Amino acid sequence: MAMILRKVWGSVSNRPGSSSSSSSSSDRNRIFSSSSSSLSLSSLSLGAFDQLPADILMQIVRKLGAKDAMKMSVLCKSWKSLISDNLLWIFFLQNHPFESWDSIFFAETSLRSGYPLQAFPTQMPELSFMSIYSQRMQVPGSVVIDGGSGYCKFGWSKYARPSGKSATFLEFGNIETPMYSRLRHFFATIYNRMQVKPSNQPIVVSVPICHYDDTESAKASRRQLKETIYSALFDMNVPAVCAINQAILALYAARRTSGIVVNIGFQVTSVVPILHGKVMRKVGVEVVGVGALKLTGFLKELMQLNNINFGSLYTVRTLKENLCYVAADYEAELSKNMPASFEITGEGPITLSKERFQTGEILFQPSIGGVRAMGLHQAVALCMDHCHDAELTSDDAWFKTVVLSGGTACLPGLAERLEKELHGLLPASISNGIRVIPPPYGADTAWFGAKLVSNLSNFPGPWCLTKKQSRLKSKLNLMW
């Protein structure tokens, strides 16, 4: 403690006016007025530290770190009042190694209520960031799985990023294998790779975007998939399960609860309107028959047409991910020659030219790839038009944020091109204020949305279903 004092004092003692205790009174008053304590200034005493300026005291506490600061808060009421200051704990949260302050603040102010989210909260409660920090440190680590349509990402909620990738559960077994068996095999494989016991921690799993319609049969299929996920995990003795739609998680990763998520999946692209954390299927989920696999296949055709040799489809996909982009103006780009090369292990450098932007163009002009479907911009515009006509809120702001999701959505230039096309297609009354956001965390965006939920200060409480709750729910269903 003495060494920290000398270090902090040395860093500020040479500044103009730093030695005056006259400034300590006003500084102390400012700090204590912003704390959650109701103590009056005259009643505060910090013992030998009373003679130090308040800003130096705060630097001392910052140097000590959150753990020791928490211990000092129990020394007396005066230290508790100083240390419970929100600005101090915001500082500690801002210096979290694996999470940004913006994401933490969004999660704690918008997601704490659990699902379903409060559409119109009457009044935001005053937050104690000291309590939030303490609670977040006590939240158990969770297994986080984003079960994408092509492959899934999995990892530990306390880690900076996913620790591994695997084939999605849709790829486990064959089409005749019951979904329950495929899910058990899938989850058992993930737990084995992570080397953890299912019974030791909660799990957050994304539910793939499927069964898009608002029909009764589609509702039944979605419900059956979710219930099978719960059943498979609870039979493996997982204590608590949180299953959330993949598009909703991508929206959370972008620090939004309302908007349109454009998920470019393995086989198809989904345009999903979401209001207050709930998919608006009554408005309509648009589906375009062009996905990541089609783009890879189209690039393969272009390379074969231009006599560009490649070893495998994996090589083509690697080139797509590293060299391809979306042109702002396709016709103008055709007159340019912008070759670029990428080194493929075991094959050497491979050079692409016009193939670089022709590949992504089939998102906007599917016909050049032999696909009869509307373009991505047309599907999003149609979705926005439906949202506008539905009049779900007093204004149209909720659907004017478009969040891109999926690995192929990371193509450079895609967000800018889509935004440009939407302004050209829609009337000004709808297009004004439209913003298209690239995948905030690249191909792992939905995984990071799930991580955001799993690290909430009150997790797993309002977000998870426990095994006991599941049994009670089943009994109630049987009774009725």
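Computed from a predicted structure; not experimentally measured.
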- Is a side-chain N or O of Lys294 found less than 3.5 angstrom from the main chain of Pro366, in a donor-acceptor match? no
- Looking only at side chains, do Asp146 and Ser206 share a donor and an acceptor under 3.5 Å apart? yes
- For the side chain of Ser470 and the backbone of Thr466, is there at least one donor-acceptor N/O pair under 3.5 Å apart? no
- Task: Report yes or no: does Lys165 contribute a side-chain atom to a donor-acceptor pair with the main-chain N or O of Tyr151 at less than 3.5 Å?
- Result: no
- Which of parallel (below 30°), tilted (30 to 60°) and perpendicular (above 60°) describes Phe399 and His388? perpendicular
- Look only at the side chain of Ser134 and the backbone of Met130, and say whether a donor-acceptor pair between them is shorter than 3.5 Å. no
- Shortest non-hydrogen contact between Asn455 and Glu108, atoms and distance: O-OE2, 4.4 Å
- Distance from Thr269 atom OG1 to Leu376 atom CG, nearest 0.5 Å? 6.5 Å
- Does the side chain of Pro462 reach to within under 4.5 Å of the side chain of Arg112, using non-hydrogen atoms? no
- Query: Only one of Val143, Leu233, Asp235 clears side-chain contact (heavy atoms from CB on, under 4.5 Å) with Phe187; which?
  - Reply: Leu233
- Note on the structure: What one should report as the nearest heavy-atom pair of Trp447 and Gly155 is NE1-N, 3.6 Å
- Asp214 backbone acceptor or donor facing Lys282 side chain under 3.5 Å: no
- Message: Quick check against the 3.5 Å criterion: does Ser157 have a side-chain atom that pairs as donor or acceptor with the backbone of Lys451?
- Response: no
- Can you find a heavy atom in the side chain of Lys320 that is under 4.5 Å from one in the side chain of Thr408? yes
- Find the distance between CH2 (Trp101) and CD1 (Ile90) and round it off to the nearest 0.5 Å. 4.5 Å
- Task: Would you please say whether a donor-acceptor pair under 3.5 Å links the side chains of Thr359 and Glu355?
- Result: no
- Query: Just wondering, do Val271 and Leu382 contact through their side chains at under 4.5 Å, heavy atoms?
  - Reply: no
- Message: So Val371 and Ile362, do their side chains get closer than 4.5 Å, heavy atoms only?
- Response: no
- Query: Under 4.0 Å between a Lys/Arg side-chain N and an Asp/Glu carboxylate O for Glu416 and Lys420?
  - Reply: no
- Item | Whether over 12 other heavy atoms sit under 6.0 Å from Met137 CE | yes
- State the CD1-SG distance between Ile430 and Cys387, to the nearest 0.5 angstrom. 9.5 Å
- To the nearest 0.5 Å, what is the distance between CZ (Phe448) and CD (Glu99)? 9.5 Å
- Note on the structure: Residues passing the salt bridge (charged side-chain N to carboxylate O under 4.0 Å, His left out) test with Glu419, sequence neighbours excluded, are none
- Query: Taking the side chain as C-beta and beyond, is there a heavy-atom pair between Phe105 and Leu93 under 4.5 Å?
  - Reply: no
- Task: State, to 0.1 Å, how close Val453 and Cys242 come at their nearest heavy-atom pair, and which atoms those are.
- Result: CG1-SG, 4.4 Å
- Message: Please determine whether side-chain contact (heavy atoms from CB on, under 4.5 Å) holds for the pair Tyr212 and Val272, giving the CA-CA distance in whole Å, both sets of side-chain angles, and the decisive distance to 0.1 Å.
- Response: CA-CA 9 Å; Tyr212 309 92; Val272 187; over 6 Å; no
- Message: Would the distance check show the side chain of Arg256 and the main-chain N or O of Leu251 forming a donor-acceptor pair, the cut-off being under 3.5 Å?
- Response: no
- Query: Is the backbone of Ala188 close enough, under 3.5 Å, to the side chain of Asn192 for a donor and an acceptor to pair up by distance?
  - Reply: yes
- Asp389, CG: over 12 other non-hydrogen atoms inside 6.0 angstrom: yes
- Task: Can you measure from CG (Leu87) to CZ (Phe129) and round to the nearest 0.5 angstrom?
- Result: 9.5 Å
- Within 6.0 Å of OH in Tyr314, more than 12 heavy atoms from elsewhere: no
- Does any non-hydrogen side-chain atom of Cys152 lie less than 4.5 Å from one of Phe186? yes
- Can you name the closest pair of heavy atoms from Met280 and Trp398 and give their distance? CG-CH2, 4.3 Å
- Take atom CD of Glu347 as the centre, draw a 6.0 Å sphere, and report whether it contains more than 12 heavy atoms from other residues, nucleotides or ligands. yes
- Does Lys158 NZ have over 12 foreign heavy atoms under 6.0 Å away? yes
- Task: Would you please test Glu421 and Arg417 for salt bridge (charged side-chain N to carboxylate O under 4.0 Å, His left out) and show each step?
- Result: CA-CA 6 Å; Glu421 296 287 351; Arg417 171 71 179 279; 2.8 Å; yes
- Of all heavy-atom pairs between Leu323 and Ser341, which one has the smallest distance, and what is that distance? CD2-O, 3.7 Å
- Message: For Val144, is there any backbone N or O sitting under 3.5 Å from a side-chain donor or acceptor partner on Ser142?
- Response: no
- Task: Please work out whether the ring planes of Tyr330 and Phe357 are parallel, tilted or perpendicular, with thresholds of 30° and 60°.
- Result: perpendicular
- Just do the side-chain contact (heavy atoms from CB on, under 4.5 Å) check on Lys354 and Asn306 with the steps written out, would you? CA-CA 10 Å; Lys354 291 182 180 179; Asn306 296 319; over 6 Å; no
- Nearest-0.5 Å distance, CD1 of residue Ile203 to CD1 of residue Ile145: 3.5 Å
- Query: Is the Phe98 to Trp156 ring centre distance short of 6.0 Å?
  - Reply: no
- Task: Evaluate side-chain contact (heavy atoms from CB on, under 4.5 Å) for Glu333 paired with Met338, printing each intermediate quantity in order.
- Result: CA-CA 9 Å; Glu333 206 78 4; Met338 299 180 66; 3.7 Å; yes
- Sidechain-backbone polar pair: Asp395 side chain, Ala397 backbone, donor-acceptor under 3.5 Å: yes
- Verify whether one side chain among Lys400 and Asn432 offers a donor that lies under 3.5 Å from an acceptor in the other. no
- Message: The test is side-chain contact (heavy atoms from CB on, under 4.5 Å); show your working for Thr228 and Gln224 and say whether it passes.
- Response: CA-CA 6 Å; Thr228 307; Gln224 182 182 26; 4.1 Å; yes
- Task: State, with a plain yes or no, whether a side-chain heavy atom of Phe310 is found less than 4.5 Å away from one of Ile344.
- Result: no
- Query: With a cut-off of under 6.0 Å to the ring centre and 45° to the axis, is Arg193 in cation-pi contact with Phe154?
  - Reply: no
- Query: Would you call Leu295 and Leu299 a side-chain contact if the rule is heavy atoms closer than 4.5 Å?
  - Reply: no
- Message: Show the nearest heavy-atom pair for residues Pro439 and Ala409, with the distance to one decimal.
- Response: CD-O, 3.5 Å
- Query: Which of these, Ile434, Leu425, Asp396, sits in a side-chain contact (heavy atoms from CB on, under 4.5 Å) with Met384?
  - Reply: Ile434
- Whether over 12 other heavy atoms sit under 6.0 Å from Lys219 NZ: yes
